[in-house]
Number of protein chains: 2
Amino acid sequence: MSVFTSVSDAELARWLQNYAIGRPVELRGISAGVQNSNFFVTTTLGRYVLTLFESIPRAELPYYLHLMAHLARHGLPVPAPIANRDNEYLDTLSERPAVLVMRLPGVSVMAPALQHCAKVGAMLAGLHLAGQSYGRRQDNPRGPAWRTATAEAVKRFLPAAEQRLLDDELAFQRGVDLAALPAGAIHADLFRDNVLWDGEHIGGVIDFYFAGYDALLFDVAVTVNDWCTEADGQLDPARCAALLAAYHAERPFTPAEHAAWPGVLRAAALRFWLSRAADFHLPRAGEMVLVKNPDEYRDILRLRIAGVPALDCGAGL
Amino acid sequence: MSVFTSVSDAELARWLQNYAIGRPVELRGISAGVQNSNFFVTTTLGRYVLTLFESIPRAELPYYLHLMAHLARHGLPVPAPIANRDNEYLDTLSERPAVLVMRLPGVSVMAPALQHCAKVGAMLAGLHLAGQSYGRRQDNPRGPAWRTATAEAVKRFLPAAEQRLLDDELAFQRGVDLAALPAGAIHADLFRDNVLWDGEHIGGVIDFYFAGYDALLFDVAVTVNDWCTEADGQLDPARCAALLAAYHAERPFTPAEHAAWPGVLRAAALRFWLSRAADFHLPRAGEMVLVKNPDEYRDILRLRIAGVPALDCGAGL
């Protein structure tokens with residue numbers, strides 16, 4: 001999340017008359033994130049987050065908003081979107097598609113211990129189980145088509161060795177059949193900065209705007225690549241075991257998922273190398289934009305190609 | 001809320017497999033309240049309240065649950081019901097209709113200051129505004145029919161002077177036309193113990209199981225009779241002014257509401273005198289039941305009959 005578009009106090013006050021949440025008390029931009037403009041909004045009746053969508057097509061937004069609403073109403077701590085007085089989640093502000101969501105308590109933990117990883121694994125399984133009854137379907141926006149197009153766009157910026165790495169991995173991934181694995185609504189970006197810890201509990205899982213229908217195992221791989229990785233990119237077997245055992249206790253893996261795991265970890269690493277490379281080499285204009293280093297995921301990809309622990313990661317599953 | 005029906009840890013664990021909120025960690029009965037069995041339920045993924053319905057007919061429950069869901073999705077801090085894996089709010093446990101709702105933060109404030117009353121007034125207006133778009137309709141379960149039946153049931157327990165007070169007030173209320181006033185979904189029981197304060201903010205408005213379609217002004221009167229009343233039952237003009245001004249700022253009163261106010265304050269007092277008299281004289285069996293003193297609302301009714309400040313209550317509206 002970042003701020004690309006400004007909103008004045010007067011514009012906000014006028015716009016909030018579409019809602020039933022009282023009068024604005026405070027409006028503050030949020031600098032984290034890479035895709036939308038985000039603000040903390042405090043009113044006389046509550047605390048919310050306002051998001052203005054800068055790049056996601058309006059027609060794709062209902063999938064995300066209704067997914068968040070669906071997961072929230074299944075009891076999971078995700079940012080429930082707020083309906084306006086016309087009963088609609090999606091509104092317009094500053095000529096952008098706009099939504100208010102509930103603000104959730106907590107702060108990110110960037111150096112997770114084993115118990116954090118276990119709780120994230122259980123939460124991810126809860127999201128996947130609740131998501132099974134979500135009626136809408138929209139493909140993962142960072143799926144194969146995006147991967148091919150983004151690889152083409154960034155390749156010319158890469159040194160020769162990275163171009164070869166990219167070509168080889170794209171060829172390998174064309175042989176990985178994610179469609180054969182259990183699928184459903186996935187978060188697809190469950191990094192440490194998208195989990196808010198309220199003490200020892202998860203107070204919020206945020207930023208669902210990369211969600212989509214895809215293999216559940218891809219979501220597990222994205223999560224493990226972030227939560228269970230050392231500073232040098234190597235997987236930490238103990239954190240892997242904690243996360244995967246907690247996930248597996250709620251949703252046991254299938255034999256096909258066991259077999260696919262090493263390739264899916266690579267697919268998840270490739271996806272973030274590509275998006276970070278695109279953000280780095282092809283930046284968009286903005287007031288407060290946070291661009292992440294693409295080399296981290298290039299290195300993670302190389303390490304996952306070199307070899308990964310079996311899916312049980314020491315959990316003895 | 002009280003506990004009439006027991007639930008074992010094993011029963012809860014089995015039942016929670018219908019949901020996507022992880023494994024039970026703690027189950028604890030709640031002693032406050034008069035109508036249902038309530039428990040705090042903590043799981044690996046969150047904190048919830050479990051309610052088993054002891055007396056409300058199952059067919060009437062969807063109105064309450066969907067109202068809570070509607071208000072929650074409009075951004076107000078009410079206990080959102082949790083859907084099970086079949087996407088249903090209403091389930092069954094211990095042979096009772098059962099629902100899980102989100103547990104909200106905060107504690108009741110039993111000696112409210114002016115700023116509490118103002119925030120409650122603004123919140124009540126928010127509930128009324130958001131409720132205008134609620135599509136279901138169910139009459140106030142403590143409306144005229146209930147009033148007549150309950151008065152008949154309790155009258156024989158009352159001393160002669162109270163029987164006369166009751167007869168006279170029932171005759172007076174037959175001349176008060178609530179149906180002529182702006183109506184919608186009302187909470188109808190917004191007492192101090194049904195508002196949770198998280199610091200200076202309202203963290204939760206709870207216990208919607210007396211809600212129904214009725215005059216919005218009746219809800220304001222119920223609220224004022226509790227929040228703005230001294231220990232002797234007299235209205236406190238300053239707290240009245242704070243609550244009503246904050247409400248009025250969000251939803252201005254109509255001339256008809258101004259005219260009806262003294263009679264509606266009496267109707268609201270009568271409703272709680274009657275329900276407490278019924279709970280006192282006609283108690284139900286239960287493990288941990290809290291019965292409130294009916295004399296408090298008998299006295300409030302007498303004082304409201306003796307005279308009340310005009311609707312503006314000093315707010316200068």
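Each chain gets a letter, A, B and so on, in the order the sequences are listed, and its residues count up from 1.
In terms of heavy atoms, Val224(B) sits closest to Cys240(B) at CG1-SG, 3.8 Å. Nearest heavy atoms, Leu243(B) versus Cys228(B): CD1-SG, 3.8 Å.
Neither the backbone nor the side chain of Ala69(B) comes within contact range of chain A; no heavy atom of the residue lies under 4.5 Å from a heavy atom of that chain. Looking at Ala122(B), both its backbone and its side chain come within 4.5 Å of chain A, counting heavy atoms on both sides. Of the two parts of Ala249(B), the backbone and the side chain both hold a non-hydrogen atom closer than 4.5 Å to a non-hydrogen atom of chain A. For Ala130(A), the parts lying near chain B are the backbone and the side chain together; criterion is any non-hydrogen pair under 4.5 Å. The contact between Pro81(B) and chain A is made entirely by backbone atoms, counting heavy-atom distances below 4.5 Å.
Rounded to the nearest 0.5 Å, atoms CG (Leu124(A)) and CG (Leu216(A)) are 8.5 Å apart.
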Candidate pair Leu65(B) and Leu90(B), rule side-chain contact (heavy atoms from CB on, under 4.5 Å), full reasoning: CA-CA 8 Å; Leu65(B) 303 183; Leu90(B) 192 56; 3.9 Å; yes
From CA spacing to verdict: side-chain contact (heavy atoms from CB on, under 4.5 Å), Val107(B), Leu196(B): CA-CA 5 Å; Val107(B) 294; Leu196(B) 305 179; 5.8 Å; no
Stepwise side-chain contact (heavy atoms from CB on, under 4.5 Å) test for Val49(B) and Phe39(B): CA-CA 6 Å; Val49(B) 174; Phe39(B) 306 85; over 6 Å; no
Candidate pair Leu190(B) and Val222(B), rule side-chain contact (heavy atoms from CB on, under 4.5 Å), full reasoning: CA-CA 7 Å; Leu190(B) 195 62; Val222(B) 168; 5.6 Å; no
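Residues that satisfy the side-chain contact (heavy atoms from CB on, under 4.5 Å) test with Pro77(A), not counting sequence neighbours, are Met123(A), Ile202(A).
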Write out the donor-acceptor pairs between chain B and chain A under 3.5 angstrom, atom names and distance to 0.1.
unit_1: Arg23(B); atom_1: NE; unit_2: Glu250(A); atom_2: OE2; d: 3.0
unit_1: Arg23(B); atom_1: NH2; unit_2: Ala249(A); atom_2: O; d: 2.7
unit_1: Tyr48(B); atom_1: OH; unit_2: Gly75(A); atom_2: O; d: 2.6
unit_1: Arg73(B); atom_1: O; unit_2: Ala83(A); atom_2: N; d: 2.6
unit_1: Arg73(B); atom_1: NH1; unit_2: Tyr89(A); atom_2: OH; d: 2.9
unit_1: Arg73(B); atom_1: NH2; unit_2: Asn87(A); atom_2: O; d: 3.4
unit_1: Arg73(B); atom_1: NH2; unit_2: Asn87(A); atom_2: OD1; d: 3.4
unit_1: His74(B); atom_1: NE2; unit_2: Asn84(A); atom_2: O; d: 3.2
unit_1: His74(B); atom_1: NE2; unit_2: Asn87(A); atom_2: OD1; d: 3.0
unit_1: Gly75(B); atom_1: O; unit_2: Tyr48(A); atom_2: OH; d: 2.6
unit_1: Ala83(B); atom_1: N; unit_2: Arg73(A); atom_2: O; d: 2.6
unit_1: Asn84(B); atom_1: O; unit_2: His74(A); atom_2: NE2; d: 3.1
unit_1: Asn87(B); atom_1: O; unit_2: Arg73(A); atom_2: NH2; d: 3.3
unit_1: Asn87(B); atom_1: OD1; unit_2: Arg73(A); atom_2: NH2; d: 3.4
unit_1: Asn87(B); atom_1: OD1; unit_2: His74(A); atom_2: NE2; d: 3.0
unit_1: Asn87(B); atom_1: ND2; unit_2: Ser133(A); atom_2: O; d: 3.2
unit_1: Tyr89(B); atom_1: OH; unit_2: Arg73(A); atom_2: NH1; d: 2.9
unit_1: Ser133(B); atom_1: O; unit_2: Asn87(A); atom_2: ND2; d: 3.2
unit_1: Ala249(B); atom_1: O; unit_2: Arg23(A); atom_2: NH2; d: 2.8
unit_1: Glu250(B); atom_1: OE2; unit_2: Arg23(A); atom_2: NE; d: 3.0

